[in-house]
Undergrad: 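Can you read through this structure? Questions will come right after.
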2 protein chains.
Amino acid sequence: MDVRTICLGILTRGDATGYEIKKLFEDDGYQHFVEASFGSIYPALQRLTEEGYVSVRSEAQEKRPDRKVYSITPQGRSQFIASLLKPLPEDRHRSPFVFAMLFADLLPQSRVSGMVDAYISQVEQKLAHLNQHDSASKPEGDKFVSGFGRAVYVAILDYLRSHRAEIETRLAAEAAE
Amino acid sequence: MDVRTICLGILTRGDATGYEIKKLFEDDGYQHFVEASFGSIYPALQRLTEEGYVSVRSEAQEKRPDRKVYSITPQGRSQFIASLLKPLPEDRHRSPFVFAMLFADLLPQSRVSGMVDAYISQVEQKLAHLNQHDSASKPEGDKFVSGFGRAVYVAILDYLRSHRAEIETRLAAEAAE
DNA sequence: GTTTGCATGTAAACGGTTACATGATTGG
DNA sequence: CCAATCATGTAACCGTTTACATGCAAAC
């Protein structure tokens with residue numbers, strides 16, 4: 001899912017500025033599955049406007065750049081739905097942590113433990129974040145996705161806590177340094 | 001983790017050609033967390049050679065391009081380890097499926113069911129793949145990672161099977177088409 | 001007879017991030 | 001006083017994918 005499509009999706013939930021779209025990615029629990037930078041959001045919104053999938057109204061502000069509030073158009077909405085009707089691209093996960101774990105035997109034990117600790121607390125944080133922003137009032141999809149995230153994070157924590165020893169307990173890790 | 005680093009990592013396990021490295025990504029259970037195309041592997045290997053992190057020997061073949069077998073050098077090895085010692089970039093997951101689920105209420109129920117079915121069988125396949133390529137003989141890291149993958153996939157399947165109704169049961173989905 | 005496997009590589013296109021430019025206001 | 005929030009945008013760069021080019025051998 002490219003930034004264009006993600007922007008359209010967010011705009012189906014209501015009007016927003018580029019700045020707000022970025023915030024939604026970070027704060028509202030979407031952040032676990034999508035993210036994007038200003039450098040990609042603003043141009044995407046411009047192109048979507050040119051193509052007629054969104055419309056803009058400028059709200060003048062004193063001592064700040066004008067707020068440009070974007071709304072999805074009917075064409076944008078059906079374009080968005082169409083994109084959900086055609087075959088979805090596959091998931092891609094890139095986990096430097098998991099990759100590193102493959103080579104645990106090349107690293108000092110302390111480094112491996114450090115990585116596992118860091119990863120656990122990262123996941124704990126994400127889980128906490130998910131629990132804070134409760135989606136009870138939001139569309140069914142949001143609840144489902146939020147539950148999905150929770151299930152995955154809990155599984156990861158369980159696994160790491162009960163299996164970390166296997167990768168930390170080793171005799172000699174001469175390799176590094 | 002960029003393709004360069006991934007190549008180095010694979011070469012710590014033994015010599016390989018560009019072609020074989022690609023195969024390893026696909027077949028050997030690494031595939032769940034990393035992948036790369038020829039278009040990135042071959043140039044990466046060339047650059048690593050220039051920089052002295054790997055060495056090549058050409059094995060002539062009849063009626064085929066020469067096999068170029070790459071080996072990691074001592075410098076490559078310590079470079080690789082160094083890259084695992086510095087702070088790891090965060091994981092990134094992009095899941096078009098999960099994204100689509102956020103907007104289940106805009107889609108016909110049949111499409112949502114179809115997506116869930118497709119996703120479930122995709123995950124089932126990955127799980128089966130993981131179970132086939134058993135890593136019993138491989139380094140501890142491989143077993144750990146393989147267990148990690150299994151844990152995540154199982155959690156996903158459990159969640160989808162027990163919660164799919166929440167997103168499929170709805171009265172009226174006029175939106176689409 | 002067509003697909004799959006072996007085997008290497010290049011070039012263009014793509015999608016995205018990072019850094020830069022600008023600048024007032026509010027909260028700690 | 002400094003950091004964060006609000007607010008938009010551009011340009012250079014980067015890593016990767018996709019498509020192309022080449023071509024035989026074996027399996028189905």
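This is a predicted model, so every value here is computed, not measured. All chains are named by letter (A, B, ...) in the order of the sequence lines, taking the proteins before the strands, and each is independently numbered beginning at 1.
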Undergrad: Could you grab the distance from atom OG1 of Thr5(B) to atom CG of Leu8(B), nearest 0.5 Å is fine?
TA: 6.5 Å

Undergrad: Is it the case that the side chains of Glu166(A) and His163(A) hold a donor-acceptor pair, with the cut-off being a distance below 3.5 Å and no angle test?
TA: yes

Undergrad: CD of Glu90(A) versus C1' of dT17(D): gap in Å, rounded?
TA: 15 Å

Undergrad: Once you measure the plane-to-plane angle for Tyr119(A) and Phe97(A), does it fall in the parallel (<30°), tilted (30-60°) or perpendicular (>60°) bin?
TA: parallel

Undergrad: Ion pair present between Lys68(B) and Asp15(B), side-chain N to carboxylate O less than 4.0 angstrom?
TA: no

Undergrad: Would you mind reporting whether Glu20(B) and Val69(B) have side-chain heavy atoms less than 4.5 Å apart?
TA: no

Undergrad: Rounded off to whole Å, could you give me the CD1-to-C1' distance for the Ile21(B) and dC6(C) pair?
TA: 15 Å

Undergrad: Please determine, by modelled atom types, if Asp91(A) and Ser95(B) share a side-chain donor-acceptor pair under 3.5 angstrom.
TA: yes

Undergrad: Do nucleotides 4-11 of chain D as a string where each nucleotide becomes B, S or -: B if the base has a protein heavy atom under 4.0 Å, S if just the sugar-phosphate does, - if no protein is that close.
TA: -SBBBBB-

Undergrad: Less than 4.0 angstrom from a charged side-chain N to a carboxylate O is my criterion; do Lys23(A) and Glu35(A) meet it?
TA: no

Undergrad: With a 4.0 Å cut-off on N to O distance, would you call Asp105(A) and Lys138(B) a salt bridge?
TA: no

Undergrad: Rounded to the nearest Å, what distance is computed from the CD atom of residue Glu35(B) to the P atom of nucleotide dG15(D)?
TA: 18 Å

Undergrad: Parallel under 30°, tilted from 30 to 60°, perpendicular over 60°: which one fits the rings of Phe148(A) and Phe144(A)?
TA: tilted

Undergrad: Compute the bend angle of the helix from dG1(C)-dC28(D) to dG28(C)-dC1(D) from the end axes (five pairs per end), rounded to 10°.
TA: 60°

Undergrad: For nucleotides 13-15 of chain C, list the nitrogen or oxygen atoms of the protein found under 3.5 Å from its nitrogen or oxygen atoms, one pair per line.
TA:
none

Undergrad: Taking only N and O in the side chain of Ser37(A), is any of them less than 4.0 Å away from OP1 or OP2 of dT17(C)?
TA: yes

Undergrad: Ion pair present between Arg4(B) and Glu51(B), side-chain N to carboxylate O less than 4.0 angstrom?
TA: yes

